[in-house]
Amino acid sequence: MSDETNENSAPERVIGTPATAPAGKVLVADDEAGPAAVSFELDERKAKKAERIVATLFLLAFAASVGFMVYFIGWSGRDGGMHGIDRAQESNLWLGGLMTLAFLALAAGVTVWFRRLMTSVPIEQERHDLATDEATRASFARDFQQGALDSGFTKRPLLRRTLLLAAAPLGLAPLFLLRDLGPLPEKRLRSTWWGDAVEKAKAEGKKGVRIVVDGTNAPLKASDFNSPGGMITVLPEGIHEEGEEALTLIAKASTILVNIEPDLIKPVKGRENWTVNGIIAYSKICTHVGCPAALYEQTTHRILCPCHQSTFDATDGAKVVFGPAARALPQLPLGVDDEGYLIATGDYPEPIGPSFWERG
């Protein structure tokens, strides 16, 4: 087949693809497919116009970034707290749109700056061994300084300042997203409704809040719970009157009463008077992952959590004797009022539940 036939059968070149190398050559010559040369000198009138365009784009990026932060703080949380679910779509639209506008304006400004204000000077670079001599380093320094001059970064302070102005809030904007990690629970998880109920009862001249049986809400006398080996779940009196929050409060305040022979109880220092005739109270919330520790073994006086088999010694401050729980069940101080009813004289001295990270 002849050479003429081969040339005719070659596919037509598509714009954007390299040109076909001449016969007998592997690569295309440098000057055959390169872009058209850009002028070496700037038209100062056009440069001034481009400078204003770039500055405008940078100012637009700055305004969009500031708008992002202002909207995030000021408007996105209205009607339902910070970034309420009801306005999630609107919030995403504004936050995403403003951030996109900021990045696009900044990118467009930089692009126009490079294409309209920077000269294109061919640079020939000779490759040598890794070690460079003093002359090479000096040459690099001169080229670097010349590049800085050609870019206009030092010559055009308006561009430099507006670029820094546009970039600064963009760097700060992601920090505002950390606001979505809150709000913190502060000290609310450190206490239960037992503390509020006891404080209210003492304000009325009482020794503490009465204990009621979960399910019947009946107050409980010590004489009604006088059989060693028993365990019941109790709550503070009046907790069901707390409206919509009652279930949340009950979940935290749920307490187990265990009746143990008084001689078997090992008094914890500072808690010697926290029991009544062998009746002792512990939080029902397991200190492992928060399951209800609702099983009691009479013969060993062990409180068990059925989820992961954490086991606590009811006679020894509910210390952990087996399983993954890391700390004892918190103990509630007990007493008896003038009519013989069991009362709580204070809140749990330490946070109930498994984890501590969320307790502020």
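Grouping the Ile, Leu, Val, Met, Phe, Trp and Tyr side chains by contacts below 4.5 angstrom, directly or via other members, places L104 apart from L93.
Between the side chains of N226 and S223, no donor N or O sits under 3.5 Å from an acceptor N or O. Between the side chains of T300 and E297, at least one donor N or O lies within less than 3.5 Å of an accepting N or O. Neither side chain, Y348 nor S191, offers a donor N or O lying under 3.5 Å from an acceptor on the other. Under the 3.5 Å distance criterion, with hydrogens and angles disregarded, no donor-acceptor pair is assigned to the side chains of K207 and T345. Between the side chains of D313 and H301, no donor-acceptor pair is found at a separation under 3.5 Å.
Among all heavy-atom pairs drawn from A281 and Q331, the shortest one is O-CG, 3.3 Å. Shortest non-hydrogen contact noted between A102 and L170 is CB-CD2, 3.7 Å. In terms of heavy atoms, A105 sits closest to L57 at CB-O, 3.4 Å.
Side-chain contact between L332 and W194: present, with at least one pair of heavy atoms (C-beta onward) separated by less than 4.5 Å. L334 has its side chain within reach of I279: a pair of non-hydrogen atoms, C-beta onward, lies under 4.5 Å apart. Contact check for T233 versus S254: side-chain heavy atoms found under the 4.5 Å cut-off. The side-chain heavy atoms of E339 and R210, taken from C-beta on, include a pair separated by under 4.5 Å. In this structure, the side chains of N217 and E237 stay at 4.5 Å or more apart for every pair of heavy atoms. The closest side-chain heavy-atom distance from F225 to L220 is below 4.5 Å. At a threshold of 4.5 Å between non-hydrogen side-chain atoms, the residues L158 and E51 count as touching. Looking only at side-chain heavy atoms (C-beta outward), I352 and P330 come within less than 4.5 Å of each other.
Among the candidates C286, C305, C307, the single residue satisfying the disulfide (SG to SG under 2.5 Å) test with C291 is C307.
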L60 vs L101, side chain to side chain contact (heavy atoms under 4.5 Å, CB included): CA-CA, chis, key distance, verdict: CA-CA 8 Å; L60 179 60; L101 179 60; 4.1 Å; yes

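A donor-acceptor contact shorter than 3.5 Å is absent between the side chain of T311 and the backbone of L304.
Using a 4.5 Å cut-off between side-chain heavy atoms of Ile, Leu, Val, Met, Phe, Trp and Tyr, I303 falls into a hydrophobic cluster with M231, I256, V258, I260, L264, I265, I280, Y282, Y296, F312, V320, L329.
In this structure, L98 CG and F68 CZ are separated by 8.0 Å, a value rounded to the nearest 0.5 Å.
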